[in-house]
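Written out below as C-alpha cells is the structure these notes cover.
Start at 1 with the first residue, then count along the sequence.
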Amino acid sequence: MPHWQFDPASVFLAGTAVELMFACTMLVIALSDRRTQGTRWFSAMAALNLVGTSFRLWHGRDDRLIWDIRFAAWALLTGFLMHGGVQWFAARRKPKYQPWILLVTVVLFLCGINPGSRQLEILFLLRVAALALYGHMMWMLWRPKLVALQTATRWSAFSLVLMALLRIVRMLMHLGLLPAASSAGLDHLRELGLAATMFTELSFVALYVAEVKMRLHEETRIDVLTGLKNRRAFEELAQRAVETAVARGYALSMLMLDLDHFKTLNDTWGHVVGDRALSLVGSVLVNTMGDGMLVMRLGGEEFAVLLPEMEMDEAQAVAETLRAAVAKLKLSQDGEEVSVTASLGVSSLQRGEVTWQLMLQRADVALYRAKAAGRNRVERCVAGTHPPMPHSGEMSAWQRMFRGQGPLL
C-alpha cells in the first residue's frame with residue numbers, strides 16, 4: 001500500500017489557485033455590488049496576496065532574514081486592507097485611513113530595501129504591528145454590530161486566530177524563544193499559513209453571502225411605497241415585542257390607523273394622489289413616533305404602531321397626536337387642496353397573553369368603533385369588548401386580514 005507523503009509544493013500551488021479564484025470573485029463582487037463597500041477592501045487585499053504568492057513562486061525559497069522582512073512588510077500592508085473590509089462588515093463603519101496606508105507602504109518599502117543591521121528588531125516590529133491589527137479584527141468580528149452576521153463573522157474570527165497563532169510561532173522562532181525549525185518544518189509552517197489564509201478568504205466569501213441574505217430578508221419586509229415595515233415584518237416584530245414585554249414585565253400597546261374614505265379619494269383624485277397620501281401618512285408616523293416605536297403598513301390604507309412600555313392612557317394620547325397630525329396634511333392636486341383624515345384604534349397587552357393576535361383584534365375592534373362613530377377619531381378597546389355588528393356585506397379589518405381581502409373604507 002503506497003505511503004502518503006506531504007507535498008508542500010502541491011499544497012502551495014493549490015493555495016495559489018484558491019487565492020486566484022478568491023481575487024477574481026472579490027473583484028467581480030466589488031464591481032457588481034457597489035452597496036457592499038467592504039468587498040472593495042477584500043478585493044484589494046486579495047490582489048496583493050496574489051501578487052505576493054506569485055512572487056514567492058517565481059523567486060523560490062530564500063531563508064535569508066531580509067526576505068522575511070519583506071514578506072512581513074507585505075503581509076502588514078495586506079492586513080491594513082483586510083482590516084478595512086472587516087471594519088465595514090463587522091462595525092458597519094467606512095474606513096478612513098487610506099492616506100495612512102500609503103504612508104505605511106512607503107515606510108515598509110524602505111525597510112524592506114535597506115533594513116540596516118537591526119533586521120530582527122524590524123521583523124519583530126512588523127509582526128507585532130500585524131498581530132495588533134489581527135487582534136482588533138478578531139475583536140470586531142467576535143462582536144459584530146449586526147446579530148444577523150454573527151455566525152459568519154465568528155468563523156472569520158476563528159480563521160484569523162489560526163493565522164495569528166502561526167505568526168506568533170514564527171516570531172518566537174526568530175527571537176530564539178522556540179527552537180528553530182528544520183527546512184522541512186519551515187515548509188510545513190508556510191503551507192499551514194497558506195491553508196489558514198485560504199480558510200480566511202473562504203470565510204470572507206461566506207461573510208458576503210450572509211450580508212446578501214440579510215439584505216434580502218430586510219427587503220422582503222419593507223413596503224416599497226412608504227418605506228415602512230410590511231405585514232410580514234409586523235408579525236415577526238409584534239411577536240418579539242410581546243415576548244420581550246412578558247419576559248420583562250413591561251406594558252405594551254398597539255395602534256391601528258386607517259385612512260378615512262380612501263376609496264373615494266382614489267376614485268376622485270386618482271391613485272397617484274392616493275399613493276402620495278399613503279406616503280405622507282407614513283412619514284407623519286415615523287416623524288411623530290420616538291425611538292423604540294415600531295411603525296408598519298399592514299396593507300391598503302391600514303397602518304399599525306407598536307408602543308413598548310406604554311399603558312393604554314399614554315397610547316391613546318399618542319393616537320390623538322397622530323390623528324391631529326394626519327388631519328393637518330394637505331395634498332395639492334390641479335390647484336386644489338385635498339384633505340386626509342384617519343381613524344385609530346388602541347389596545348394593550350393583557351395579563352396572561354403571550355401572542356399579539358388578541359391585542360391586534362382588540363385594536364381592530366376599536367378602529368371599527370371609531371369608523372362607526374363618524375371617523376377622524378380615536379377609540380380604545382379593552383379585553384372582553386366586542387365590535388358592533390357590521391352592516392350587510394361589511395367585514396372588519398381583522399376579518400379581512402385573515403381572509404386576504406381589501407382594506408376598510
Run L133 and H136 through side-chain contact (heavy atoms from CB on, under 4.5 Å) and show every step you take.
CA-CA 5 Å; L133 271 180; H136 190 228; 5.8 Å; no
Would R362 and Q350 count as a side-chain contact (heavy atoms from CB on, under 4.5 Å) here? Give the steps.
CA-CA 11 Å; R362 289 193 298 274; Q350 300 297 309; 3.3 Å; yes
Is there a side-chain contact (heavy atoms from CB on, under 4.5 Å) between K213 and Y208 once you walk through the steps?
CA-CA 9 Å; K213 182 180 178 181; Y208 172 73; over 6 Å; no
For F42 and F89: C-alpha separation, side-chain torsions, deciding distance, then whether ring-ring contact (aromatic ring centres under 6.0 Å, His included) applies.
CA-CA 11 Å; F42 287 155; F89 277 101; 5.6 Å; yes
Between F204 and T39, does a side-chain contact (heavy atoms from CB on, under 4.5 Å) hold up when you go through it step by step?
CA-CA 9 Å; F204 288 158; T39 55; over 6 Å; no
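Between F80 and W41, the ring centre distance reaches or exceeds 6.0 Å.
The side-chain heavy atoms of L306 and W356, taken from C-beta on, include no pair separated by under 4.5 Å. Side-chain contact check for M254 versus V346: every heavy-atom pair is 4.5 Å or farther apart. The closest side-chain heavy-atom distance from L331 to W269 is not below 4.5 Å. Between M359 and V242 the shortest side-chain heavy-atom distance falls below 4.5 Å. Residues R40 and R34 form a side-chain contact, since some pair of their non-hydrogen atoms from C-beta on lies under 4.5 Å apart. Using a 4.5 Å heavy-atom threshold, the side chains of V305 and L307 count as touching. Residues L298 and F303 are not in side-chain contact: their nearest non-hydrogen atoms beyond the backbone lie 4.5 Å or more apart. Counting heavy atoms from C-beta outward, R231 and M296 have side chains that stay 4.5 Å or more apart.
The heavy-atom pair separating A325 from T288 by the smallest distance is CB-OG1, 4.4 Å. Between G38 and W88, the shortest heavy-atom distance links the atoms N-CD2, 3.5 Å. Looking at every heavy atom in both residues, L349 comes nearest to A245 through CD2-CB, 4.2 Å. Closest of all the heavy-atom pairs between A342 and V326 is CB-CG1, 4.0 Å. Scanning both residues, A157 and M138, for their nearest heavy atoms gives O-CG, 3.9 Å. Closest of all the heavy-atom pairs between A90 and M140 is CB-O, 3.4 Å.
With T341 contributing its side chain and D260 its backbone, the two residues share no donor-acceptor pair below 3.5 Å. For D33 (side chain) and I29 (main-chain N/O), no donor-acceptor pair under 3.5 Å exists by modelled atom type. Judged by distance alone, with hydrogens and angles left aside, the side-chain atoms of T220 form a donor-acceptor pair with the main-chain N or O of H217 at under 3.5 Å. Looking at E379, its side chain never comes within 3.5 Å of a backbone N or O of R377 through a donor-acceptor pair. For Q239 (side chain) and V354 (main-chain N/O), a donor-acceptor pair under 3.5 Å exists by modelled atom type. A distance-only check finds no donor-acceptor pair linking the side chain of R167 to the backbone of R127 [under 3.5 Å].
Within a 6.0 Å radius of NZ in K330, more than 12 heavy atoms belonging to other residues, nucleotides or ligands are found. The environment of CZ in F158 is sparse: at most 12 heavy-atom neighbours from other residues, nucleotides or ligands sit within 6.0 Å.
For residues 138-157, every residue pair satisfying the side-chain hydrogen bond (donor to acceptor under 3.5 Å, both in side chains) rule, not counting sequence neighbours, is listed here: S156-S203.
At a cut-off of 3.5 Å, with distance as the only test, no side-chain donor of N230 or R297 sits close to an acceptor on the other residue. There is no side-chain donor-acceptor pair under 3.5 Å between S343 and D258. R215 and T36 form a side-chain donor-acceptor contact under 3.5 Å, judged by distance and modelled atom types alone.
Considering CG of L322 and CG of N287, their distance stands at 11.0 Å, rounded to 0.5 Å. One distance of note links CZ of R276 with CG of L265; it measures 10.0 Å at 0.5 Å rounding. Here the SG-OH distance, from C381 to Y368, works out to 14.0 Å after rounding to the nearest 0.5 Å. Separation of atoms OG (S348) and CZ (R380) is listed at 7.5 Å; rounding is to 0.5 Å. The OG atom of S283 sits 8.0 Å away from the CG atom of L228 when rounded to the nearest 0.5 Å. Within the model, atoms CG of L294 and CG of L252 stand 9.0 Å from one another, a figure rounded to the nearest 0.5 Å.
Salt-bridge annotation for E235 and K229: absent, with no side-chain N of the basic residue lying under 4.0 Å from a carboxylate O of the acidic one. Salt-bridge formation is detected for the pair E211/R92: a Lys NZ or Arg NE/NH1/NH2 atom is positioned less than 4.0 Å from an Asp or Glu carboxylate oxygen. Between E219 and R35 a salt bridge is recorded (basic side-chain N to carboxylate O distance below 4.0 Å). Salt bridge annotation for E236-R221: present, with a cationic side-chain nitrogen under 4.0 angstrom from a carboxylate oxygen.
Of the listed residues (H261, R323, K371), just one forms a side-chain hydrogen bond (donor to acceptor under 3.5 Å, both in side chains) with N376, and that residue is R323.
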